[in-house]
Participant: 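Quick one: this structure, given as structure tokens, is what I'll be asking you about.
Below, read A as the first sequence line, B as the second, and so on, with proteins coming before strands; counting in each chain starts at 1. Note that this is a predicted model, so its numbers are computed, not measured.
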Protein chains: 2
Amino acid sequence: MALNDAKDSTLSALLDPSPQPNQKNGARRRYRRCRSVPTDLILQGNNDAVLPRYESIFNVHPSFWQVTLFLALYLGVGTVCFYLVKDQIRGQKTNGILDAVYFCIVTMTTVGYGDLVPNSVPSKLLACAFVFTGMALIGLTLSKSADYLVEKQESLLVKCLHINKKVGASDLFKEIEENRVKYKFILNLGLLVLLMVVGTIFLSRVEHLSLVDAFYCVCSTITTLGYGDKSFSTDAGRIFAVFWILTSTVCLGLFFLHLAELSTERKQQSLVNWVLRRKMTYIDLEAADLDDDGVLSAAEFIIYKLKEMGKINQEDIALVMKEFEDLDVDQSGTLSASDIALAQSYFR
Amino acid sequence: MALNDAKDSTLSALLDPSPQPNQKNGARRRYRRCRSVPTDLILQGNNDAVLPRYESIFNVHPSFWQVTLFLALYLGVGTVCFYLVKDQIRGQKTNGILDAVYFCIVTMTTVGYGDLVPNSVPSKLLACAFVFTGMALIGLTLSKSADYLVEKQESLLVKCLHINKKVGASDLFKEIEENRVKYKFILNLGLLVLLMVVGTIFLSRVEHLSLVDAFYCVCSTITTLGYGDKSFSTDAGRIFAVFWILTSTVCLGLFFLHLAELSTERKQQSLVNWVLRRKMTYIDLEAADLDDDGVLSAAEFIIYKLKEMGKINQEDIALVMKEFEDLDVDQSGTLSASDIALAQSYFR
């Protein structure tokens with residue numbers, strides 16, 4: 001096997017059209033390219049050629065304007081609806097329109113203080129409809145968009161943290177890439193604490209609650225618990241509440257999301273380390289050998305290890321494999337320029 | 001290029017130690033194995049050899065008993081705490097211990113009716129502590145476990161749906177694999193509707209609410225809105241509530257999770273289809289050629305396409321590549337049995 005391998009590499013070196021001045025250096029050099037080029041491709045080549053097309057076809061993050069539009073539409077319709085049935089809502093009232101917006105926000109975020117409650121069949125059914133759509137809007141669109149906003153602020157945080165050290169743009173990029181989840185979590189936690197402090201101060205100043213009551217009301221609101229014994233009862237309080245409740249409930253939701261992400265990433269990282277540390281055996285060698293030639297190419301090794309890490313599965317591989325076999329017109333087991341030319345003339 | 005390729009494959013056929021009776025058939029046959037063996041390996045070989053080790057080291061799903069233990073511990077501590085401060089909680093009271101459990105559930109699920117509210121500084125701070133830990137318990141552990149339970153019931157649903165058709169176990173397995181998210185969503189939706197119907201009937205029968213009020217209270221509870229104008233006020237009602245609130249709020253949470261998964265999967269699927277349909281160009285050929293030999297092996301093609309689909313990224317590849325280079329002791333550009341033997345003696 002070892003003899004075969006040596007013969008193989010010497011002969012393939014002879015056959016290989018690329019220049020290889022020295023066998024030992026040549027073999028090393030063959031892999032220098034794959035460490036640098038794909039990264040370059042992502043940053044420059046492929047980025048222009050492929051990624052913009054992805055972006056336009058598959059918008060993973062809902063656009064900022066789209067989300068704002070949805071939210072404005074939802075709040076607009078909600079406010080009009082609840083203003084129209086304002087006589088069928090009982091409780092602590094202030095200004096008609098303000099109460100409608102406030103009730104809409106308290107309902108969509110599922111805080112549900114109960115300081116304003118629907119008091120008729122139509123208003124009750126309206127509230128049911130608005131809580132479900134509100135949950136969907138926040139859970140499916142708004143939180144994704146907020147997550148994206150937090151991610152966008154990461155580079156700012158990392159720059160602040162490294163303000164004293166001289167770091168290049170590429171180091172900064174790498175630092176962010178490696179600790180994306182951690183920095184997102186820190187940023188989120190900071191924002192959450194800020195929102196809680198602002199809320200507590202506001203409630204104690206404007207709504208004249210004691211500090212404990214203000215803190216209790218803040219906790220009861222951001223968790224969407226909303227017992228309702230303490231809530232916003234003044235005009236100024238409800239104007240503040242409209243913005244603060246929406247921001248802080250979404251922020252706490254994201255906090256738990258990032259916490260879960262962090263724990264998943266830690267587990268994933270230890271799995272990756274375990275897979276990389278694990279010694280290759282002859283059984284692995286045979287199992288990973290996709291084209292059955294007795295040796296593992298770098299690409300075969302990568303696929304085997306990524307599969308072991310759970311990053312890709314057999315279905316993904318089988319799907320692309322089928323495509324490969326269709327493209328391999330001359331059935332040589334490899335795709336060459338001639339295959340592509342043949343495929344293009346074949347499909348024409 | 002085409003000439004080079006033909007020469008390459010003929011010569012490599014001569015060098016290849018595996019029997020290839022006919023060039024045309026041989027090339028086809030080389031890939032027969034990679035379509036079948038890796039699946040077999042997952043189901044039999046690797047399953048015994050590698051997967052159980054993962055399972056024991058990296059428990060992705062928290063075990064059922066672990067979650068039950070956590071929940072029991074949480075509810076136990078919560079009940080004792082709130083029972084001890086029961087004189088500092090005002091509102092509609094029934095039985096002391098029952099009220100403590102009920103208050104604990106209403107708090108941890110963030111329903112927060114407000115029919116029982118803490119009325120002193122210690123009880124308020126206790127409620128704050130319990131709502132945060134309760135959210136964490138439900139969001140990070142319980143919902144994952146519930147998701148896993150739903151997944152486990154999938155095969156049952158698929159069997160029911162195909163009861164009239166004769167399908168083999170492997171077809172069933174494939175059907176589930178391909179539509180995992182869809183079936184999870186359907187199952188979840190069914191369970192949610194059932195819970196809502198049961199809740200509405202119970203509230204109208206036992207708590208003597210009108211049908212609209214019962215439905216309104218159900219919606220207000222499962223969304224964790226909990227205005228509190230309608231809630232469980234009898235002994236029987238609160239016993240039912242303890243089980244029903246926990247199940248139904250988790251179920252609605254999962255519903256939105258599965259809805260998001262479904263939409264993500266649809267988007268991912270159209271990206272996969274687009275990547276597979278897209279014609280390979282000479283630029284792609286060059287970019288995908290990891291070992292720079294002018295042709296694409298099946299494994300190189302798979303890596304390139306999976307990267308385009310966003311399933312793997314350059315970091316993953318670079319990480320495994322580094323490992324490959326370390327293992328490739330003779331620097332031949334391929335891993336052979338001799339490399340493994342060398343690596344083992346080298347590290348010894």
Participant: Side-chain contact test, heavy atoms from C-beta onward, threshold under 4.5 Å: evaluate it for Arg90(A) versus Asp229(B) and give yes or no.
Facilitator: yes
Participant: Against chain A, work out which of Gln268(B), Met135(B), Glu300(B) has the most heavy-atom pairs shorter than 4.5 Å and name it.
Facilitator: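 Option with the top pair count is Met135(B).
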Participant: Phe301(B) and side-chain contact (heavy atoms from CB on, under 4.5 Å): which partner among Asp328(A), Thr334(A), Leu335(A)?
Facilitator: Leu335(A)
Participant: Nearest heavy-atom pair of Phe256(A) and Phe132(B): which atoms, and what distance?
Facilitator: CZ-O, 3.9 Å
Participant: For Leu290(B) and Ala299(A), work out which heavy atoms get closest and say how close.
Facilitator: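 Taking every non-hydrogen atom into account, CD1-CB, 4.0 Å.
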Participant: For the atom pair CG (Leu225(A)) and CE (Met108(B)), what is the distance rounded to the nearest 0.5 Å?
Facilitator: 12.0 Å
Participant: Check Val212(B) against Leu125(A) and note the closest heavy-atom contact, atom names and distance.
Facilitator: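 For Val212(B) and Leu125(A), the tightest heavy-atom pair comes out as CG1-CD2, 4.4 Å.
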Participant: At a 4.5 Å cut-off on heavy atoms, which part of Tyr216(A) comes close to chain B: side chain, backbone, both, or neither?
Facilitator: both
Participant: Quick check: closest heavy atoms across Leu285(A) and Ala337(B), and the distance to 0.1 Å?
Facilitator: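 Here Leu285(A) and Ala337(B) meet closest at CD2-N, 3.5 Å.
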Participant: Give the minimum heavy-atom separation between Val320(B) and Leu276(A), together with the two atoms involved.
Facilitator: CA-CD2, 4.2 Å
Participant: Between Leu257(B), Val117(B), Val106(B), which has the largest tally of heavy atom pairs under 4.5 Å with chain A?
Facilitator: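 The option with the most such pairs is Val117(B).
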Participant: Can you list the steps and then say if Thr110(B) with Thr224(A) is a side-chain hydrogen bond (donor to acceptor under 3.5 Å, both in side chains)?
Facilitator: CA-CA 6 Å; Thr110(B) 78; Thr224(A) 79; 3.2 Å; yes
Participant: Please examine the side chains of Ile302(A) and Phe324(B), heavy atoms only from C-beta on, and report whether any two atoms are closer than 4.5 Å.
Facilitator: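 Of all side-chain heavy-atom pairs linking Ile302(A) with Phe324(B), none is under 4.5 Å.
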Participant: State, with a plain yes or no, whether a side-chain heavy atom of Lys124(B) is found less than 4.5 Å away from one of Lys230(A).
Facilitator: yes
Participant: Considering all heavy atoms of both residues, which atom of Met321(B) and which atom of Ala298(A) are nearest to each other, and what is their separation?
Facilitator: CE-CB, 3.5 Å
